[in-house]
Each structure stands twice: as structure tokens, then as C-alpha cells.
Amino acid sequence: MANAWKKEKPMRPLLLLFSATLVLVFIFFFLASRPSSNPSPPGLNPTIRTDLPIYPIPPFNCEECPQSHPVIANVVEGLSYPFIYSLADLGRLPEKPHKDIVRFLKGKPFRRPDISATIQGLLDKFKREGRDNGLVVDVGANVGMASFAAAVMGFQVLAFEPVFENLQRICDGVYLNRVGDLVTVFEAAASDRLGNITFHKGTLVSRMDNSAISAAGAKLAFKNNEEVAVQVRTIPLDDVIPDSEPVLLLKIDVQGWEYHVLKGASRLLSRKASKAPYIIYEEDERLLQASNSSAKEIRKFLRGVGYNHCTQLGTDAHCTKLG
């Protein structure tokens with residue numbers, strides 16, 4: 001949910017510099033305290049695997065990716081397993097910076113993203129139930145707020161994100177959180193067919209949800225922002241994830257393209273209840289209709305592959321198979 005902008009009292013330049021220095025020192029010690037091998041926290045021991053499959057498209061190479069700039073990164077508040085992410089949404093500088101930039105300059109952590117808390121809560125629950133062997137698949141990864149929430153808990157993550165600027169921020173987070181052995185990133189849009197598609201991204205990074213496949217969906221999402229059309233690779237999840245690969249959780253947030261992503265994962269979603277992933281997807285009727293689909297069509301499809309229990313939490317739907 002968008003937060004109403006509240007005018008902040010002006011800060012003196014010297015105080016701003018002092019606050020920023022404190023934050024950078026905090027981040028330094030946070031990183032120094034994180035072991036590079038990223039062992040699992042006590043009580044949660046997903047196995048770091050070395051036998052991941054060879055994928056039909058190459059993963060995005062963060063080591064060869066040009067460095068994003070400026071990098072404004074910070075730890076997230078209020079999570080059981082904290083992580084750092086690099087901010088892409090800077091707001092309108094200098095008159096109205098993003099609220100997390102204001103918090104950063106005051107020496108405060110970034111606000112907790114709802115999806116991060118949701119992901120960690122679910123994975124903690126799965127662990128208590130003895131289900132900790134499987135991938136977390138993040139479709140529409142943006143800057144990695146769901147991916148890193150899972151990775152810092154020790155889970156393997158497959159992240160799909162077609163926007164290059166967001167991929168740069170994901171690479172920042174892969175390095176800052178020391179999770180290069182846990183997060184595999186694909187520069188692609190998950191869909192129901194292999195190929196290329198016209199993709200629309202904002203020319204101004206004024207919102208976190210800054211891209212969409214549907215031109216109409218882009219106009220709804222960006223509001224006053226302008227968008228440019230680019231060609232991106234598309235691939236079905238069924239082409240990437242082998243039948244033998246366990247998947248615990250599938251998160252989809254793609255600005256109205258959710259139906260096409262789900263169709264491209266038909267085989268994955270047809271697994272028996274004990275092996276089928278828990279699904280979280282954005283169900284925004286306006287954005288779905290802009291992509292020529294609907295919530296009703298998605299629910300019908302999911303029932304057809306055995307997902308007979310869905311609940312609505314805000315704009316997200318949570319769906320499971322009841323065995």
C-alpha cells in the first residue's frame with residue numbers, strides 16, 4: 001500500500017552528514033558480522049546445494065554487471081532474519097525523496113516490506129512442519145525483497161526479473177547479504193511461452209513497481225510516469241524447473257501478467273498436494289484486466305490443477321492444495 005507523504009522537518013547539513021556516517025558504520029559492522037559462507041541460523045538448516053540443474057537459459061552474471069549508482073542500501077527493520085537491500089526508488093529528488101532515504105539520513109533502518117515478513121513467516125512455518133527442502137521461486141523479483149528474505153534464512157532462490165536497473169540492485173543485495181551461493185537470478189520475464197515480448201518500464205524510477213508487460217497495465221501502475229517499450233526474453237517456469245526439483249513457495253508479482261506466469265507453470269502446479277508449492281500472487285483486478293485476464297479466470301485455472309483453497313490478504317492471494 002502506498003504511504004501518504006508526510007512533510008519532514010528540514011535537517012541541517014552537518015547533522016545529515018553525521019547521520020549518514022553512522023548508518024554507513026552500522027552497515028559495515030552488519031556485513032562484518034555476517035559470515036561469507038552464509039550458514040543457516042540456529043533451528044533452521046536448509047541444505048546449501050551444489051547439484052542445481054543446468055538451466056535452459058544462463059543465469060544473470062552479477063560479477064560482470066556494471067555497478068549501479070548511486071547505491072543507497074540499508075538493513076530492513078522488524079524481521080526475524082534481517083537483510084540489506086539497495087533502494088531503486090529514490091522518489092523525486094531533491095524536494096521529495098523516498099521515505100526510506102529520509103529514514104536513512106536519520107540513522108534509521110528501511111521500513112519492513114510486507115512481502116518480506118510474509119515470506120519469512122511462511123518459511124518458518126514450513127520449517128516447524130518439517131518442510132525445508134525446496135526452492136523459493138520469486139517471479140517479478142524487483143530489487144529482491146522477497147528473494148533476500150528467503151536467502152538469509154538459508155533457502156535456495158530462483159529469481160526472475162527482466163528490468164536491468166532492478167537486476168543491478170539485486171546484484172547489490174547478493175553481495176551485501178553474502179548470498180551468491182543461494183540466489184540464482186534470470187534476466188527474463190516468466191510467461192506461458194518461450195520467446196520475446198514487448199515490455200514497458202518507467203523512464204523515471206518513482207515507484208518500486210516500475211515495469212509491466214501490458215502497455216495498459218503500465219499506464220495504470222506508473223500513473224504520471226512515462227514508459228518506454230523494450231524487448232525482453234520470456235520463458236515458462238516449466239522450462240526452467242525440472243520435475244524432480246522440489247519447490248516450496250512460488251511468489252508472483254508481475255503487474256497483471258500473473259495468469260500467463262501460472263499457465264507457464266502448469267506442470268509444476270499439477271504436482272500432488274504434498275509436493276505442490278504454496279502460491280502467493282498479486283490479484284489486482286484492474287491490472288489483470290489490462291492484460292486480458294481476470295481474477296475469476298485465474299481461480300478457475302488454479303482449481304483445474306488442484307488448488308482448491310485460496311484466501312485474499314490485501315491485494316495478494318494465497319493458494320494451497322488441501323491434501
Side-chain angles (χ1 to χ4, degrees), residues 57 60 88-89 113-116 118-119 136-147 157-167 169-170 185-202 205 207-222 225 227-241 247 249-266 268-269 277-295 297-299 301-302 310 312-319:
I57 59 174
F60 188 75
D89 181 357
D114 289 342
I115 189 62
S116 305
T118 298
I119 293 289
V136 174
V137 180
D138 185 4
V139 179
N142 198 268
V143 298
M145 291 176 287
S147 293
V157 178
L158 297 186
F160 295 80
E161 175 55 51
V163 177
F164 180 74
E165 292 80 2
N166 288 343
L167 290 164
R169 304 301 176 173
I170 291 175
V185 187
F186 296 101
E187 185 179 10
S191 190
D192 51 356
R193 62 187 65 187
L194 181 65
N196 294 283
I197 197 168
T198 301
F199 197 81
H200 303 269
K201 66 176 185 177
V205 185
R207 288 188 55 168
M208 296 299 284
D209 46 356
N210 60 355
S211 57
I213 289 180
S214 161
K219 292 183 185 301
L220 286 172
F222 306 154
N225 199 351
E227 75 276 353
V228 295
V230 295
Q231 288 289 306
V232 301
R233 185 203 307 257
T234 61
I235 190 167
L237 293 180
D238 281 342
D239 287 5
V240 179
I241 302 170
V247 178
L249 178 62
L250 171 59
K251 168 259 173 187
I252 309 170
D253 184 352
V254 287
Q255 301 300 299
W257 204 249
E258 283 76 9
Y259 178 58
H260 301 276
V261 176
L262 291 165
K263 281 179 62 180
S266 297
L268 168 65
L269 302 181
Y278 187 107
I279 302 173
I280 304 173
Y281 70 92
E282 186 181 38
E283 194 175 74
D284 186 316
E285 189 65 38
R286 297 177 311 135
L287 294 174
L288 290 170
Q289 290 184 6
S291 297
N292 298 315
S293 63
S294 66
E297 187 175 27
I298 289 178
R299 296 294 181 98
F301 168 79
L302 288 174
C310 291
Q312 193 81 20
L313 297 175
T315 59
D316 290 338
H318 290 232
C319 297

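Between Lys251 and the choices Asp316, Asp138, Thr118, the side chain to side chain donor-acceptor pair (under 3.5 Å) rule is met once, by Asp138. Checked options Val137, Leu158, Val136; the residue passing with Val247 is Val137 (criterion: side chain to side chain contact (heavy atoms under 4.5 Å, CB included)).
For the atom pair CG of Asn196 and OG of Ser191, the computed distance is 11.0 Å after rounding to the nearest 0.5 Å. Within the model, atoms CE of Met145 and CD1 of Ile119 stand 11.5 Å from one another, a figure rounded to the nearest 0.5 Å. A distance of 5.0 Å separates CZ of Phe60 from CZ of Phe164, quoted to the nearest 0.5 Å. Atom-to-atom distance recorded for Glu161:CD and Asn166:CG is 4.5 Å, nearest 0.5 angstrom. One distance of note links OH of Tyr259 with CG of Leu262; it measures 9.0 Å at 0.5 Å rounding. Note that NE2 of His260 and OG1 of Thr234 are 11.0 Å apart. Values are rounded to the nearest 0.5 Å.
When all heavy atoms of Leu194 and Pro236 are compared, the closest pair comes out as N-CD, 3.8 Å. Arg299 and Ala317 get closest at one heavy-atom pair: NH2-CB, 3.9 Å. When all heavy atoms are compared, the tightest approach of Tyr278 to His318 is OH-ND1, 2.8 Å. Taking all atoms of both residues into account, the shortest heavy-atom contact from Ala190 to Leu237 is CB-CD2, 4.0 Å. Scanning both residues, Cys310 and Leu302, for their nearest heavy atoms gives SG-CD1, 4.3 Å. The two residues Leu288 and Ser294 come nearest to each other via the heavy atoms CD1-C, 3.9 Å.
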Subject >> Gln231 and Ile197: CA distance, side-chain angles, deciding distance, side-chain contact (heavy atoms from CB on, under 4.5 Å) verdict >> reply: CA-CA 6 Å; Gln231 288 289 306; Ile197 197 168; 5.7 Å; no
**OP:** Assess whether side-chain contact (heavy atoms from CB on, under 4.5 Å) is satisfied between Ile280 and Leu250, documenting all intermediate values.
**Re:** CA-CA 6 Å; Ile280 304 173; Leu250 171 59; over 6 Å; no
Subject >> Steps toward side-chain contact (heavy atoms from CB on, under 4.5 Å) verdict (Val240, Asp238) >> reply: CA-CA 5 Å; Val240 179; Asp238 281 342; over 6 Å; no
Subject >> Verdict with supporting geometry, Phe160 and Ile235, side-chain contact (heavy atoms from CB on, under 4.5 Å) >> reply: CA-CA 10 Å; Phe160 295 80; Ile235 190 167; 4.3 Å; yes
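Counting heavy atoms from C-beta on, the side chains of Leu269 and Pro277 come closer than 4.5 Å. The shortest distance between side-chain heavy atoms of Ser266 and Phe301 falls below 4.5 Å.
Under a 3.5 Å cut-off, the side chain of Glu258 and the backbone N or O of Gly256 do form a donor-acceptor pair. A donor-acceptor contact shorter than 3.5 Å is absent between the side chain of Asp253 and the backbone of Tyr281. One N or O on the side chain of Asp284 and one on the backbone of Arg286 form a donor-acceptor pair closer than 3.5 Å. With hydrogens and angles disregarded, no donor-acceptor distance shorter than 3.5 Å links the side chain of Glu283 to the backbone of Gln312.
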